[in-house]
Protein chains: 2
Amino acid sequence: MLTLSTPARTIREVLEKRSGRPRRKRPSQYHHGDLRRALIEEALRTIQSDGVRGVTLRGVGETLGVSRTALYRHFADKSALLAAVAREGFRTLRLQTLDAWNQGGRDWAAFESMGAAYVRFAVRNPAHYRVMFGGFVVGSADPELDQEGAGAFQALVDAIVSLQRDGLMREDEPLQLARFVWALVHGVAMLQIDGLLGAEADAEAFTRFALERLRTGTGRN
Amino acid sequence: MLTLSTPARTIREVLEKRSGRPRRKRPSQYHHGDLRRALIEEALRTIQSDGVRGVTLRGVGETLGVSRTALYRHFADKSALLAAVAREGFRTLRLQTLDAWNQGGRDWAAFESMGAAYVRFAVRNPAHYRVMFGGFVVGSADPELDQEGAGAFQALVDAIVSLQRDGLMREDEPLQLARFVWALVHGVAMLQIDGLLGAEADAEAFTRFALERLRTGTGRN
DNA sequence: ACCTGAACACCGTTCAAGT
DNA sequence: ACCTGAACACCGTTCAAGT
């Protein structure tokens with residue numbers, strides 16, 4: 001029965017029966033509910049090292065020691081997995097920007113730190129940031145993702161309202177101002193990630209310059 | 001010879017010989033050097049209608065009536081085709097923004113028109129814009145793409161220098177100012193494309209607001 | 001030169017089946 | 001409930017072969 005032409009799969013099955021334990025990476029845990037978590041973390045790891053295009057359900061499954069279709073017990077499809085990864089990103093982004101704002105004195109300098117923290121997150125996690133904004137999450141309609149994104153945005157709105165209360169920022173509609181600031185830091189981050197600032201440009205110096213002009217504008221008064 | 005089991009291909013070949021003209025979309029031209037052009041245009045059409053992910057070498061080839069590998073005579077790979085599409089985008093972007101700048105009086109209003117034209121191009125051609133900035137063009141090292149991108153950027157730099165000469169813009173380093181403006185319009189465009197402005201937000205009004213704040217800043221003087 | 005067609009090594013997803 | 005394995009319908013790319 002166990003001839004040379006026996007598929008490797010069959011041999012492994014025999015060995016697993018023998019030892020009483022499969023030879024894959026600790027699969028028993030996944031029967032207890034943390035495969036979902038493991039899938040998100042492995043997807044994120046792959047994204048950081050190889051980019052979004054490197055994420056394959058086959059690869060993720062193999063690394064975790066489960067079949068390539070096990071994922072469908074926890075996510076509707078691949079896009080839903082990426083949406084979960086994006087959600088993690090917005091959460092981290094909110095925590096890091098809020099930290100910069102609160103650590104500072106909630107003045108304009110703290111607001112600039114907040115912006116710098118935003119850009120720093122994007123530049124340090126370019127592939128992750130691209131998953132959050134690159135249009136990879138299709139089919140949409142992930143309410144939890146929308147909620148997490150809205151949470152990160154709200155941190156910005158709150159800071160702006162605070163600055164207005166202290167007479168440090170223009171009395172425009174806070175939402176409109178928040179969109180403006182978001183667009184700027186998003187643009188600064190994207191240009192840096194895409195390497196479009198030019199070789200001679202100092203990325204950090206440019207971020208500082210951009211945050212200064214955010215306050216003063218570019219016109220000559 | 002021409003039995004029921006004869007492949008359709010053979011039948012078509014016979015018909016083509018008969019009529020003296022092939023039944024595919026004018027393939028004879030492709031022997032004269034415009035398959036490259038046709039591939040770019042068909043790829044762009046597919047991008048506009050179905051997004052980048054809808055572009056397959058098989059689909060493009062089939063529509064044009066050539067084999068799915070014919071492309072490799074004109075492009076190194078799929079990424080090189082997308083790079084050519086991106087190049088077209090930067091060319092159009094430069095022409096449209098320059099037009100807005102020149103049609104206006106080269107004053108600050110014209111500069112805002114230039115910014116609005118930039119955002120308009122992105123919003124009207126979201127999938128195309130994403131090809132230009134979404135990190136789809138990998139492997140990089142397409143000098144012609146870099147050159148076209150640099151050309152679009154130079155139009156912005158020139159406008160800024162002109163404004164400075166007329167005493168309308170701050171006397172900062174023009175390159176740094178150009179990067180700042182680019183980051184802002186890029187951010188505004190991306191947020192609109194990604195539908196991240198919120199349902200109640202008026203996209204055009206926001207663009208106007210953003211371009212005003214570009215001049216005045218957000219701080220309270 | 002330019003294009004074809006088969007082959008290769010991949011994909012995501014579905015689904016009946018196993019425990 | 002949770003996971004598997006085979007099957008399906010796709011991909012991009014290579015390459016010998018045709019004209």
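Every heavy atom of this structure was used, including side-chain atoms; hydrogens, water molecules and symmetry mates were not.
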Practice task
Give the rounded distance in Å between these two atoms: CZ of A/F75 and P of D/dA1.
Solution key: 19 Å

Practice task
Measure from CG on A/L35 to C1' on D/dA1 and round the result to the nearest Å.
Solution key: 13 Å

Fill in the blank from the handout: Assert: residue with more 5' nearest nucleotide on DNA chain C, out of A/R73 and A/R68, is A/R68

Problem - Under 3.5 Å: donor-acceptor pair, side chain of B/R94, backbone of B/E148 - result: no

Exercise for the section: Check whether any side-chain nitrogen or oxygen of B/Y72 sits under 4.0 Å from OP1 or OP2 of D/dT13, and answer yes or no. Expected result: yes

Handout entry: Donor/acceptor link under 3.5 angstrom from A/T69 side chain onto base of D/dG5
Key = yes

Practice task
Starting at atom CG of A/L57, determine the distance to atom P of C/dT14, rounded to an integer number of angstrom.
Solution key: 11 Å

Fill in the blank from the handout: Applying the 3.5 Å cut-off to both distances, the Watson-Crick or G-U partner of C/dC2 turns out to be D/dG18

Completion exercise
Taken to the nearest whole Å, NZ/A/K78 to C1'/D/dC11 is 12 Å

Exercise for the section: Report yes or no: is there a donor-acceptor pair, N or O only, under 3.5 Å between the side chain of B/R58 and the base of D/dG12? Expected result: yes

Completion exercise
Whole-Å distance, B/R53 CZ to C/dT13 C1', equals 14 Å

Exercise for the section: Establish, with yes or no, whether the OP1 or OP2 oxygen of D/dC11 is under 4.0 angstrom from a side-chain nitrogen or oxygen of B/T56. Expected result: yes

Exercise for the section: Give B/V55 one of three labels, base, sugar-phosphate or nothing, depending on what nucleic acid heavy atoms sit under 4.0 Å from its own. Expected result: sugar-phosphate

Problem - Pair assignment for C/dC8, Watson-Crick or G-U wobble, requiring both distances under 3.5 Å - result: D/dG12

Problem - Side chains of B/R45 and B/Q48, donor plus acceptor under 3.5 Å - result: no

Practice task
Compute the ring centroids of B/F90 and B/F133, then answer whether they are less than 6.0 Å apart.
Solution key: yes

Exercise for the section: Would you mind reading off the distance between B/L71 atom CG and C/dC2 atom P, rounded to a whole angstrom? Expected result: 14 Å

Exercise for the section: Specify the separation, in whole Å, of atom CG of A/L39 and atom C1' of D/dC3. Expected result: 12 Å

Exercise for the section: Check whether any side-chain nitrogen or oxygen of B/H74 sits under 4.0 Å from OP1 or OP2 of C/dC3, and answer yes or no. Expected result: yes

Problem - Evaluation steps, side-chain contact (heavy atoms from CB on, under 4.5 Å), between A/E204 and A/V119 - result: CA-CA 9 Å; A/E204 284 196 32; A/V119 175; over 6 Å; no

Practice task
Would you mind reading off the distance between A/D77 atom CG and C/dC11 atom C1', rounded to a whole angstrom?
Solution key: 14 Å

Handout entry: Between B/Y129 and B/H186, ring centroids under 6.0 Å
Key = yes

